[in-house]
Amino acid sequence: MRTQNWLITGVSTGLGRAFAQAALAAGHTVVGTVRTEEDRRAHEALAPERAHGRLLDVTDHDAVARVVEEAEGTVGPLDVVLANAGYGLEGTFEETTMDEVRRQFEVNVFGAMATLRAALPRMRARRRGHLMAVTSMAGLMTVPGMSAYCGSKHALEGVLDSLGKEVAQFGIHVTAIEPGSFRTDWAGRSMTRAERTVDDYDELFEPLRERRLKASGNQLGDPVKAGEAVVRIASEERPPAHLVLGSDALRLIGEARTAVDEEIRAWEDLARTTDFPEGAQL
């Protein structure tokens, strides 16, 4: 396996750190973005010759472009760009403010898009490269009490799926990484929580919140193994467009897709009644 140059956003903790550690362990070079000087030093200490830290807020799209350009100029052509930076927002649809929703999309969707867009022109010119982004199993299924988070991940799934079809002609691969529950701080201190304001949701929502908090630190998924899986597909000639990580994600996504398929079939006769008889099929 040839060595690669990676850029990964959000490597200070959680899966982002696991992805960076796995890539470095495989002999690759990793430019990792973080939010603090302390986290930058910690990343670079992982492999002083091959780990390069950069301070970045992914919602500053001009800064994203500068970091990618600088990485290409100093480290070399980027083979893999992984938009990992993101966070969870817990709250029912009615209780989550529009400012909270906008912030969720700014980071989880637009920050990821800015990262991939910044890398794409050079990859296109080279006719090779691998663009990845972490969505979530919540990009292919939903849970109550996290409408903004699920919405952001569904949006990113759509972007990646369409992007992959656009750039395949240039030899560029696109992968959506869809983790289940992993043993990180995502459901603990890293989770942002909307203020509870409507008692009517207590019976539904409070048990879900309690279960999530109790599971934090004891999740099924091993971040180290997730990192190894992501590094593996980066060396595949035909990597997947969708990489589901974790047996819980496999189960929950499967159940969600089955439910949608069954409902479509149940109402397909009504769907057909809306056609013009002479209309053109796409």
Side-chain angles (χ1 to χ4, degrees), residues 5-17 19-20 23 29-37 39-40 43 51-89 96-126 128-136 138-139 148-167 170 172-177 186 190 192 230:
N5 293 327
W6 288 55
L7 185 144
I8 307 173
T9 61
V11 300
S12 59
T13 60
L15 287 177
R17 184 174 177 85
F19 298 149
T29 295
V30 177
V31 178
T33 76
V34 295
R35 297 295 300 275
T36 70
E37 184 63 28
D39 288 336
R40 184 189 67 79
H43 171 69
H52 306 272
R54 299 291 184 269
L55 297 179
L56 180 65
D57 176 353
V58 296
T59 66
D60 183 341
H61 301 165
D62 290 339
V64 170
R66 288 194 298 269
V67 165
V68 171
E69 182 177 11
E70 187 270 341
E72 288 262 350
T74 58
V75 174
L78 295 173
D79 301 291
V80 181
V81 173
L82 200 172
N84 165 77
Y87 71 98
L89 172 59
T96 306
T97 68
M98 288 307 299
D99 285 343
E100 290 170 320
V101 173
R102 288 190 184 93
R103 176 64 181 171
Q104 180 81 122
F105 275 69
E106 282 290 347
V107 176
N108 289 5
V109 183
F110 304 134
M113 291 177 68
T115 302
L116 303 183
R117 281 174 58 88
L120 179 54
R122 294 174 181 85
M123 286 188 175
R124 176 170 49 77
R126 292 190 289 265
R128 62 180 173 84
H130 198 161
L131 299 173
M132 304 186 193
V134 177
T135 63
S136 166
Y149 178 75
C150 292
S152 72
K153 295 303 187 178
H154 272 66
L156 187 54
E157 283 279 344
V159 169
L160 296 172
D161 212 36
S162 182
L163 173 61
K165 294 177 173 67
E166 293 172 0
V167 301
F170 308 129
I172 299 171
H173 304 294
V174 178
T175 299
I177 302 168
W186 180 84
S190 296
T192 297
V230 168

Steps toward side-chain contact (heavy atoms from CB on, under 4.5 Å) verdict (Leu131, His173): CA-CA 6 Å; Leu131 299 173; His173 304 294; over 6 Å; no
Donor-acceptor pair between Thr29 and His52 side chains, under 3.5 angstrom: no
Pairwise distance CD(Glu157) to OG(Ser136) - rounded to 0.5 angstrom: 8.5 Å
So do the side chains of Leu120 and Leu116 get within less than 4.5 Å of each other, counting heavy atoms only? no
Apply side-chain contact (heavy atoms from CB on, under 4.5 Å) to the pair Glu70 and Arg54, showing each step before the final yes or no. CA-CA 10 Å; Glu70 187 270 341; Arg54 299 291 184 269; 2.8 Å; yes
Does any N or O in the side chain of Thr9 come within less than 3.5 Å of the main-chain N or O of Asn84, such that one atom is a donor and the other an acceptor? yes
Can you tell me how far CZ of Phe19 sits from CE of Met132, rounded to the nearest 0.5 angstrom? 9.0 Å
Is the shortest distance from a Lys or Arg side-chain nitrogen in Glu72 or Arg126 to a carboxylate oxygen in the other one below 4.0 Å? yes
Do side-chain atoms of Ser162 reach the backbone of Val159 as a donor and acceptor pair under 3.5 angstrom? no
dist Phe110:CZ -> Arg102:CZ (nearest 0.5 Å) comes out at 10.5 Å
For the residue pair Thr59 and Glu106, confirm or rule out a side-chain donor-acceptor distance under 3.5 Å. no
Considering only heavy atoms from C-beta outward, does the side chain of Leu7 approach that of Thr115 to under 4.5 Å? yes
OG1 on Thr135 to CD1 on Ile177, rounded to 0.5 Å: 8.0 Å
Does the side chain of His154 come within less than 4.5 Å of Tyr149's, by heavy atoms? no
Are any of the side-chain heavy atoms of Asn5 and Val80 separated by less than 4.5 Å? no
Charged N to carboxylate O under 4.0 angstrom, Lys165 versus Asp161? yes
Looking only at atom types and distance, does a side-chain atom of His43 sit under 3.5 Å from a main-chain N or O of Asp39, one as donor and one as acceptor? no
With the side chain counted from C-beta on, respond yes when Lys153 and Asn108 share a heavy-atom pair under 4.5 Å apart, and no when they do not. yes
Would you mind checking if Glu37 and Arg40 are paired as a salt bridge, meaning a charged N to carboxylate O distance below 4.0 Å? yes
Arg117, CZ: over 12 other non-hydrogen atoms inside 6.0 angstrom: no
Side-chain heavy atoms of Val75 within contact of Trp6, under 4.5 Å: no
Can you tell me how far the CD1 atom of Ile172 sits from the NE2 atom of His130, to the nearest 0.5 Å? 11.0 Å
I need the minimum non-hydrogen distance between Arg66 and Asp60, along with the two atoms involved. NH2-OD2, 4.5 Å
